[in-house]
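Indexing begins at 1, ligand by ligand and atom by atom, following the structure's order.
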Amino acid sequence: MKKIKSDKMILATPVIPLNSEIFDQKKVQVWMKREDLNHPHIQGNKWHKLKLNLAEAQQQGNNTLITFGGAYSNHIAATAVAGKRLGFETVGYIRGEELAEAKQKWSPTLINAEKNDMQLKFLNRKEYRLKATPAFIKKIEEIHPNAYLIPEGGTNSLAIAGFKSMADEIQQQLPNWTHLFVAVGTGGTLAGLVKHLKPKKNQIVIGIPTANQYEYLIDDINHYLEPHFYEAWYFQTPKLSLRYGKIFPKITQTISNFKTEFNILLDPVYTARMVYEFLQALEQNQIPENAKVLLIHTGGLQGGG
Ligand SMILES: *Cc1c(COP(=O)(O)O)cnc(C)c1O
């Protein structure tokens, strides 16, 4: 196995100001933290979640990484690339047994994961729902001895710890932010940021959900936080009705406007929704004058190889 210290493979990313007439009218200042630029091949929040887990797997002498995801999962893509570069075998358990026999229906994510030598195994919906149960995990550990298991979406306590470096950068780059917007899938990124940013009284972290069901995530997120910080964040109720991964015309429009105005590419599942909902909040005067808003670009552009 190659001896790369996985937690050292990380680039500092800029916080850049976004200048726009609408922000001037509303008397707010807006910045974007460009975590899409944090790693040439595994960009975005998924790399922060993986890096300490991979260091731990190396430490334990595991030669295989096993994880779970849907056909378009950024986490599957990131694990395949990271595993290959660090010399791990990788196995991805993918939701959707129908894909096993139908390669022509594979998403670009799956095609690339396989190109990066990830072994793909397909589960039906029922099996997939049971994937975190002790019985299922035991079965997997029997099939793959010496493997390191990473949960769906990559969120566990090492993943949360992985956000310290990004939080430290933000504290240096924009210590006086007042409103921080971040897209939420499992909530690991939000939890990691709140935990390490330790928001002050005049600072609030706002999570933008990306799926219909998100109330249950409140406990998942707070589980990683000291009670003192339960009030340091909240979910903004989305204006767009949510179906995970559904790409509404308003999202496509947001992506194209953002590209034109700021020359920054957003992904349709997470960051474009986050920007859209931020703009809605702004329009409805939910952001006070003089706010210093920090938008987190969590990546999700599975371009790199
Ligand atoms: C996975 C992902 C998220 C959600 O991260 P969680 O830690 O699961 O909440 C947000 N943005 C992008 C681009 C992602 O790929």
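Contact check on Lys103 versus Glu114 returns a salt bridge, with a Lys/Arg side-chain nitrogen under 4.0 Å from an Asp/Glu carboxylate oxygen. Ionic pairing of Arg273 and Glu277 is not present here: no N-O contact between side-chain nitrogen and carboxylate oxygen is shorter than 4.0 angstrom.
Contact record, Thr67 with Ile76: CG2-CD1, 3.9 Å, taken as the closest heavy-atom pair.
A cation-pi contact, defined as under 6.0 Å to the ring centre and within 45° of the axis, links Lys46 to Tyr270.
The proximity of Asn45 to ligand 1, defined as any non-hydrogen pair under 4.0 Å, is limited to the side chain.
Nearest to atom 11 (N) of ligand 1 among the protein's heavy atoms is Thr298 OG1, 2.7 Å. Taking atom 14 (C) of ligand 1 as the reference point, the nearest protein heavy-atom neighbour is Lys46 NZ, 2.9 Å. The single protein non-hydrogen atom nearest to atom 4 (C) of ligand 1 is Gly185 N, 3.3 Å, given as residue, atom name and distance.
Backbone and side-chain nitrogen or oxygen atoms of Gly300 are examined, and none is located within less than 3.5 angstrom of a nitrogen or oxygen of ligand 1. An N or O contact shorter than 3.5 Å is missing between Asp267 and ligand 1 by distance.
In this structure a side-chain-to-backbone donor-acceptor pair under 3.5 Å is missing from Asp267 to Leu301. Between the Lys49 side chain and the Thr189 main chain, no donor and acceptor come within less than 3.5 Å of each other.
Nearest residue to atom 8 (O) of ligand 1 from Val182, Ile221, Thr186 is Thr186 (criterion: closest heavy atom).
Lys26 and Asn285 form a side-chain donor-acceptor contact under 3.5 Å, judged by distance and modelled atom types alone.
At a 4.0 Å cut-off, not a single heavy atom of Leu190 sits close enough to ligand 1 to count as contact. Assignment of Gly44 to the shell around ligand 1 is not supported, since no heavy atom sits closer than 4.0 Å. Heavy atoms of His75 stay at 4.0 angstrom or farther from ligand 1. Residue Gly299 places a heavy atom less than 4.0 Å from ligand 1.
With rounding to the nearest 0.5 Å, the separation of NZ in Lys121 from CD1 in Ile143 is 5.5 Å.
Shown in contact with Gly188 at under 4.0 Å from a heavy atom are these atoms of ligand 1, numbered in order with element: 6 (P), 7 (O), 9 (O). Residue contact check: Asn74 has heavy atoms under 4.0 Å from atoms 14 (C), 15 (O) of ligand 1. If you number the atoms of ligand 1 from 1 as listed, the ones under 4.0 Å from a heavy atom of Gly187 come out as 6 (P), 8 (O), 9 (O). Of all the atoms in ligand 1, the ones that sit under 4.0 Å from a non-hydrogen atom of Val184 are 9 (O).
Trp233 is not connected to Tyr224 by any chain of hydrophobic side-chain contacts under 4.5 Å among Ile, Leu, Val, Met, Phe, Trp and Tyr, and they are in different clusters.
Two residues are said to be in side-chain contact when any heavy atoms from C-beta on lie closer than 4.5 Å; Leu295 and Leu18 meet this criterion.
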